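Because the structure is a prediction, the values reported are computed rather than measured.
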Amino acid sequence: FPDDFHHHFRDGDVLKDVVSFVSHSFERTIVMPNLKPPVRNVEEALAYWDRILACVEPGHSLTPLMTLYLTDVTTVAEIIRAKESGVIYGIKYYPAGATTNSEFGVTSVDKIREVLKMMEEVGLPLLVHGEVTDPSVDIFDREKVFIDTVLKPIIEAHPGLKIVMEHITTEDAVQFIRTQNNPDGSPKLNLCATITPQHLLYNRNDLFKGGISPHMYCLPILKREKHREALLEAATSGDPRFFIGTDSAPHAIAAKESACGCAGIFTGHAAVELYAEAFDSVGKIDRLEGFVCQFGQQFYNLPQNTRRIRLVREDWTVPESYSFGGEKLRPLRAGQVIRWKRHHV
């Protein structure tokens with residue numbers, strides 16, 4: 001049974017609908033903390049954990065793996081409490097202004113150096129939204145610039161820190177992770193990356209097919225075809241440093257189809273099936289199990305799940321919309337066919 005190592009649950013009236021999708025699809029899920037207001041301390045994380053579990057339907061199970069939202073004023077004491085909580089599995093680094101609800105994020109690495117030192121000491125992973133927010137940097141280059149100017153110095157200062165570069169989108173990120181090896185040449189497994197289904201299946205041309213498509217807009221944004229190909233090669237390579245992280249990010253249709261539409265693509269309805277399409281497109285469906293069921297679990301020191309699913313090459317049509325509180329959301333591939341279907345064993 002797969003897990004997901006990057007998922008946006010939201011909160012309030014829509015939480016029950018999101019949890020329903022997640023609990024049908026995944027056993028455990030890394031929960032993003034960028035609510036309004038964000039989840040910044042252990043008490044807030046435990047309260048959110050309770051709200052999520054209260055929405056799990058009878059007959060289903062779900063283990064939320066909670067995270068805290070890193071800010072300029074996060075304390076070393078909070079990191080220790082997070083590690084001791086038993087439910088917090090990472091600290092999320094949003095550069096301030098990088099994406100949805102990131103305005104409380106980190107403005108300078110200099111302000112979090114002691115926190116990073118403690119995270120390295122206690123083994124609590126840093127989960128990174130890897131983009132700079134300098135307006136002079138082109139939106140398609142922000143990941144590469146982040147690697148060069150932010151991530152490399154963090155790794156040099158904290159070589160033992162466990163880091164997930166979340167939702168990577170470029171060939172540059174793939175190459176950088178592959179250069180991080182031990183002296184004997186073996187992969188250095190404390191730097192890993194998640195990859196979304198949309199970045200394996202689509203490129204930036206899909207944003208503009210038949211006009212502007214707000215439901216294909218996410219951050220980090222879709223990139224050139226050469227980057228999609230590099231991501232697909234990495235995901236299907238069997239390298240344990242690359243694993244599932246859907247970044248499923250639901251928004252109501254009205255919030256997407258507006259003068260300033262929200263960033264985020266909802267894949268919670270069929271994430272594993274979409275990954276199966278991507279892997280099958282290059283004849284590597286046999287590598288999917290490692291990507292969704294083994295490698296992320298190894299990074300987070302989680303046992304393998306015992307429940308199983310069966311994926312069948314079977315066409316089905318995605319509904320045009322799903323309930324989202326009192327509104328509707330439009331899923332990826334709405335009204336179109338997905339070539340794989342999951343069945344519970």
Worksheet entry | Any donor-acceptor N or O pair under 3.5 Å, side chains H8, N34 | yes

Worksheet entry | Gap separating the CG atom of D138 from the NZ atom of K144, nearest 0.5 angstrom | 13.0 Å

Worksheet item: F299 ring centre to K162 NZ or CZ under 6.0 Å, with the angle to the axis within 45°?
Response: yes

Practice prompt. Name the orientation class of the two ring planes belonging to Y94 and H129 (parallel below 30°, tilted from 30 to 60°, perpendicular beyond 60°).
Written response: tilted

Discussion item. Within 45 degrees of the ring normal and closer than 6.0 Å to the centroid, is that where the cationic atom of R307 sits relative to F1?
Written reply: yes

Worksheet item: Is R204 reaching over with its side chain to a backbone N or O of I221, donor-acceptor style, under 3.5 angstrom?
Response: no

Discussion item. Under a 4.0 Å threshold between the charged nitrogen and the carboxylate oxygen, would D280 count as salt-bridged to R339?
Written reply: no

Worksheet item: Would I139 end up clustered with L231 when hydrophobic side chains under 4.5 Å apart are linked, directly or stepwise?
Response: yes

Worksheet item: Once you round to the nearest 0.5 Å, how far does CD of E277 lie from CD of E273?
Response: 9.5 Å

Practice prompt. Assess the pair H344 and H24: is the distance between their ring centroids shorter than 6.0 Å?
Written response: no

Worksheet item: Side chain of S23, backbone of V19: donor and acceptor closer than 3.5 Å?
Response: yes

Worksheet item: Are L189 and L302 in one and the same hydrophobic cluster, where Ile, Leu, Val, Met, Phe, Trp and Tyr link if side-chain heavy atoms are under 4.5 Å apart?
Response: no

Worksheet item: What orientation do Y93 and F146 show, parallel under 30°, tilted 30 to 60°, or perpendicular over 60°?
Response: perpendicular

Worksheet item: Do we see a donor-acceptor contact under 3.5 Å between the side chains of S20 and E57?
Response: yes

Worksheet item: When you check the side-chain N and O atoms of R81 and N41, is any donor under 3.5 Å from an acceptor?
Response: no

Worksheet entry | H199 side chain to L232 backbone, donor-acceptor under 3.5 Å | no

Worksheet entry | Shortest non-hydrogen contact from L191 toward Q180 | CD2-CG, 3.4 Å

Item to complete: Show the numbers, then the answer: is there a side-chain contact (heavy atoms from CB on, under 4.5 Å) between I309 and H343?
Response: CA-CA 6 Å; I309 63 167; H343 298 270; over 6 Å; no

Discussion item. Between Y322 and F21, is the ring pair (Phe, Tyr, Trp, His ring centres under 6.0 Å) condition met? List the steps.
Written reply: CA-CA 10 Å; Y322 290 109; F21 283 110; 4.8 Å; yes

Worksheet item: Do T71 and Y69 come close enough that some side-chain heavy atom pair is under 4.5 Å?
Response: yes

Worksheet item: Can you tell me if D4 and T29 form a side-chain donor-acceptor pair at under 3.5 Å?
Response: no

Worksheet item: Are F140 and I147 connected, step by step, through hydrophobic side chains (Ile, Leu, Val, Met, Phe, Trp, Tyr) whose heavy atoms are closer than 4.5 Å?
Response: yes

Below 3.5 Å, can you tabulate the donor-acceptor pairs from side chains in residues 281-295 to any protein atom, sequence neighbours excluded?
from, atom 1, to, atom 2, distance (Å)
S281, OG, A278, O, 2.5
R287, NH1, T236, O, 2.8
R287, NH1, S237, O, 2.9

Practice prompt. Any pair with a residue in residues 85-97 that passes salt bridge (charged side-chain N to carboxylate O under 4.0 Å, His left out), sequence neighbours left out, goes on the list, sorted by first then second residue, please.
Written response: K92-E166

Worksheet item: Has the side chain of K256 got a donor or acceptor atom that lies under 3.5 Å from a matching backbone atom of Y217?
Response: yes

Worksheet item: Within 45 degrees of the axis of the six-membered ring of Y202 and under 6.0 Å from its centre: does R228 put its NZ or CZ there?
Response: no

Worksheet item: To the nearest 0.5 Å, what is the distance between OG1 (T63) and CG (L53)?
Response: 7.5 Å

Worksheet item: What distance do K36 atom NZ and R10 atom CZ have between them, rounded to the nearest 0.5 Å?
Response: 10.0 Å

Practice prompt. Answer yes if the side chains of H227 and E171 hold a donor-acceptor pair under 3.5 Å, and no otherwise.
Written response: no

Worksheet item: How far apart are the closest heavy atoms of K117 and H158, and which atoms are they?
Response: N-CE1, 3.6 Å

Worksheet item: To the nearest 0.5 Å, how far apart are OG1 in T246 and CG in L274?
Response: 10.0 Å

Practice prompt. Measure the NE2-CG distance between H6 and D247 for me, rounded to the nearest 0.5 Å.
Written response: 3.5 Å

Discussion item. Below 30° counts as parallel, above 60° as perpendicular, anything between as tilted: where do the rings of F243 and Y300 land?
Written reply: perpendicular

Worksheet, complete the sentence: Nearest heavy-atom approach of E320 to R330 is OE1-NH1, 2.9 Å

Worksheet entry | Sole candidate of T67, I79, L127 that passes side-chain contact (heavy atoms from CB on, under 4.5 Å) when paired with I91 | I79

Discussion item. Under a plain distance cut-off of 3.5 Å, with no hydrogens placed, do E225 and N203 share a side-chain donor-acceptor pair?
Written reply: yes

